[in-house]
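Just below is one structure, and these are the notes that go with it.
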Amino acid sequence: MATRPEHDDRFADNPFYVLGLRPDCSRVDVEREGQKLLGMLGLGLKSAATYATPVGPRPRTEDKVRAAMAELRSPDRRLGHEFWASLPPPAAPPKPPPAPPSAGPGPAPLAEAFAVLGWRRP
Amino acid sequence: MNAVRLAGQGLVVAALAASAPEAAGSGARLIAAMLGALILMVALGGWLLLAFDALGGLVWPALRRTVVAGGLVRSSFYLARLARPTFERDPTGGAALAGALALLHRPAHEPALATWLEGKIAGPAKLGLAGVVATGLLAAGRGDRAGARDLMLSADNFDPELGPAAARRIANEWLVADAAERGDWATVIRRGVQDGRATAYTRFLARAAARIRGEALPGEPNPTDVGLWISWLLVPGRTVLRPLLDQARAAPRVLSQRRPPPPPADPPPPLIDPAAFAGDPVAHAQALHALWLHAPDVDKRLTATRLQELCAAWEAAWAPAERRLVQRAQAIGAQTRGELTLGGLRNLVADDLARLARAAGLPLLAFESAGPTGAAAAAALRRTLLDEVEQGSEHLRARTRADRRLSSPEELREWNHLRRKYEEAAALGGMELRYLLFPIVHRDACNYAVWLWNERKEYGISGPIFKWLLAEAEAVGDQEAIALQRKNVGSGK
């Protein structure tokens with residue numbers, strides 16, 4: 001049974017994305033890729049410092065890699081993570097989602113609204 | 001007039017003393033002279049007090065532009081005592097308000113000074129309007145914007161004849177600035193020109209926004225160019241607002257209430273393009289899900305139609321997802337059956353959808369009928385809303401029973417917290433949740449307000465609670481509660 005991570009973790013910290021693997025990879029692939037990434041991070045290689053996810057790149061750390069390997073060693077937990085790793089990480093950097101039409105015309109938010117009164121912004 | 005009469009009497013007594021016959025003796029003359037001098041001194045004191053009272057109204061504006069604007073917190077606190085006519089009914093709150101305003105004028109928040117001011121506010125037994133506004137400004141200084149907004153809105157509940165008008169204006173000024181910074185121009189227009197609360201700054205913002213949006217202001221027509229210029233000239237620190245003035249003047253003046261249709265917006269490219277996964281229902285649902293979970297300003301962007309789309313995408317995804325999970329569970333040797341995993345995933349998705357709907361302020365009815373996924377999300381949100389209000393109400397009840405007292409600002413903050421939760425539940429859950437929650441909240445909040453009234457003499461907090469309970473009782477049609485709260489509100493007048 002899958003654990004219940006916070007919604008941010010589901011895509012951004014999914015073990016498959018952390019390790020840069022697809023859900024159909026073998027257990028051997030998990031161990032090999034994990035060890036390789038730990039070695040690269042230990043050497044401080046820039047190419048291993050981030051990983052791609054459908055919601056944008058995230059920083060990769062040794063702790064994240066170890067946690068990802070541990071998660072994927074359990075078949076039950078792996079099943080849940082496989083489900084949330086169905087999306088391939090995009091090649092292009094993330095863009096903001098579409099905005100619905102605004103409620104009505106109006107001035108842009110007034111960033112200096114408090115400054116006019118001489119007040120510090122809350 | 002009494003002072004004039006007294007001075008006259010003093011002069012008469014002094015003159016009599018001077019002209020007293022020698023026979024009366026020097027002792028009697030001395031006593032009469034002293035009596036005359038005393039009466040003269042009392043009269044002069046009275047004149048001074050009268051003059052001070054007349055000038056007292058000018059103390060606060062002068063103080064606000066000098067000591068308060070200079071960020072001198074302690075000096076503002078003590079000197080605000082001189083502004084007696086401005087804060088006649090709440091002198092301590094007025095002094096704290098001056099201090100809190102001065103703190104907002106400093107370049108950075110200083111927790112030590114804020115704590116010192118909070119101590120001053122918590123000192124007296126009764127919390128007045130100025131004290132509430134001061135507490136709100138301190139919350140704003142700490143960065144608790146939602147809490148500050150709640151407290152400033154509480155200022156509306158105070159009897160206009162009892163609270164200092166200056167405090168009411170400051171609260172309104174803060175709320176208008178807050179709304180303008182968030183781009184909530186409807187609130188700016190509504191609050192900006194309110195009688196007794198508006199200032200030159202709020203009036204200008206409301207008029208400029210009304211002109212740009214092509215709307216009429218409450219109680220006055222859409223402003224002319226000259227009107228905008230005059231409003232702008234009256235605002236201190238107006239130079240920052242010049243672009244807004246120019247934008248407003250460039251907008252056509254609309255005399256009717258009708259709004260022009262909003263211009264069509266060009267949608268920017270999406271974070272993940274769900275259309276790219278149209279052939280795979282699971283990936284399509286996940287792409288939409290990820291899109292909304294990570295969307296900035298989901299409260300503004302997520303509409304009921306879009307949430308229904310997301311629910312429909314998940315409905316289409318569950319059958320293939322189950323097949324895939326069963327197959328993968330066998331392939332990797334998982335102990336848990338794929339169907340069970342799917343049940344857990346359904347719950348996760350329902351919780352996410354409930355969170356999204358809540359963040360966007362979408363009522364349960366907007367997505368409850370969008371298939372089993374929508375119904376599960378609505379049930380999750382309903383459960384959360386009910387639990388939060390019940391817990392808050394129960395906490396208030398336990399504290400009232402145990403006579404566990406908080407400082408006045410903390411009492412107000414706690415009540416505001418419960419009220420906000422209730423109002424959110426009512427807004428999202430509609431009359432169904434209102435009917436369910438009102439009897440619980442009425443029982444606990446009424447006892448709490450009675451306790452505050454009788455034991456704590458916190459009329460400034462309990463009075464508005466009674467009024468709020470009456471309004472809610474009328475909304476749900478609870479006759480018994482209406483009768484009780486009418487009595488409570490009546491006794492508060």
Side-chain angles (χ1 to χ4, degrees), chain A residues 1-12 14 23-27 53-56 72 74-80 82-90 92-122, chain B residues 69 104-107 109 140-141 143 145 148 173 177 180-183 185 201 208-209 212-214 235 237 240-241 244 247 259-260 262-265 267-272 282-283 286-287 290-291 293-296 301 303 321 325 328-329 332-336 340-341 344-345 348 352 355:
Chain A
M1 185 64 214
T3 51
R4 288 183 58 118
E6 284 302 306
H7 72 263
D8 274 346
D9 300 349
R10 235 160 275 154
F11 295 102
N14 188 291
D24 55 359
C25 69
S26 67
R27 203 168 159 178
T53 78
V55 291
L72 297 187
S74 157
D76 289 346
R77 288 213 290 272
R78 173 176 171 150
L79 192 59
E82 277 190 8
F83 178 80
W84 292 109
S86 304
L87 294 173
K95 301 271 171 45
S102 64
L110 186 64
E112 306 89 0
F114 287 99
V116 175
L117 295 163
W119 296 350
R120 204 176 52 254
R121 194 178 174 277
Chain B
L104 270 189
H105 277 278
R106 291 176 90 90
H109 182 65
R145 200 152 169 175
E173 221 164 37
E181 203 193 59
R182 289 184 287 114
W185 294 103
Y201 174 57
I212 294 166
R213 287 166 63 100
V235 181
V240 180
L241 299 172
L244 187 63
Q247 194 188 348
R259 282 189 197 175
L271 171 72
I272 308 161
V282 179
Q286 286 193 10
L291 185 82
L293 281 185
H294 292 266
R301 292 166 186 266
T303 60
L325 282 167
R328 288 300 299 162
I332 62 174
Q335 301 276 315
T336 315
L340 283 177
T341 306
L345 291 171
L348 275 179
D352 281 351
R355 250 197 310 271

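As a basis for the values below, the full set of heavy atoms in this structure was taken, side chains included, without hydrogen atoms, waters or symmetry mates. Letters A, B, ... are given to chains in the order of the sequence lines, protein chains preceding strands, and every chain is numbered from 1.
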Winner by heavy-atom pair count (cut-off under 4.5 Å) against chain A, out of B/G143, B/A287, B/A148
B/A287
In terms of heavy-atom pairs under 4.5 Å with chain A, which of B/H105, B/R182, B/Q247 leads?
B/H105
Side chains of A/W84 and B/L348: closer than 4.5 Å at any heavy-atom pair?
yes
If the condition is salt bridge (Lys or Arg N to Asp or Glu O under 4.0 Å), which residues does A/E82 pass it with, not counting sequence neighbours?
A/R78, B/R328
Return the set of residues passing side-chain hydrogen bond (donor to acceptor under 3.5 Å, both in side chains) with A/R27 (not counting sequence neighbours), or none when no residue passes.
none
Using a 4.5 Å cut-off on heavy atoms from C-beta on, say whether the side chain of A/L79 contacts that of A/D76.
no
Residue among B/A140, B/G183, B/A180 with most heavy-atom pairs under 4.5 Å to chain A:
B/A180
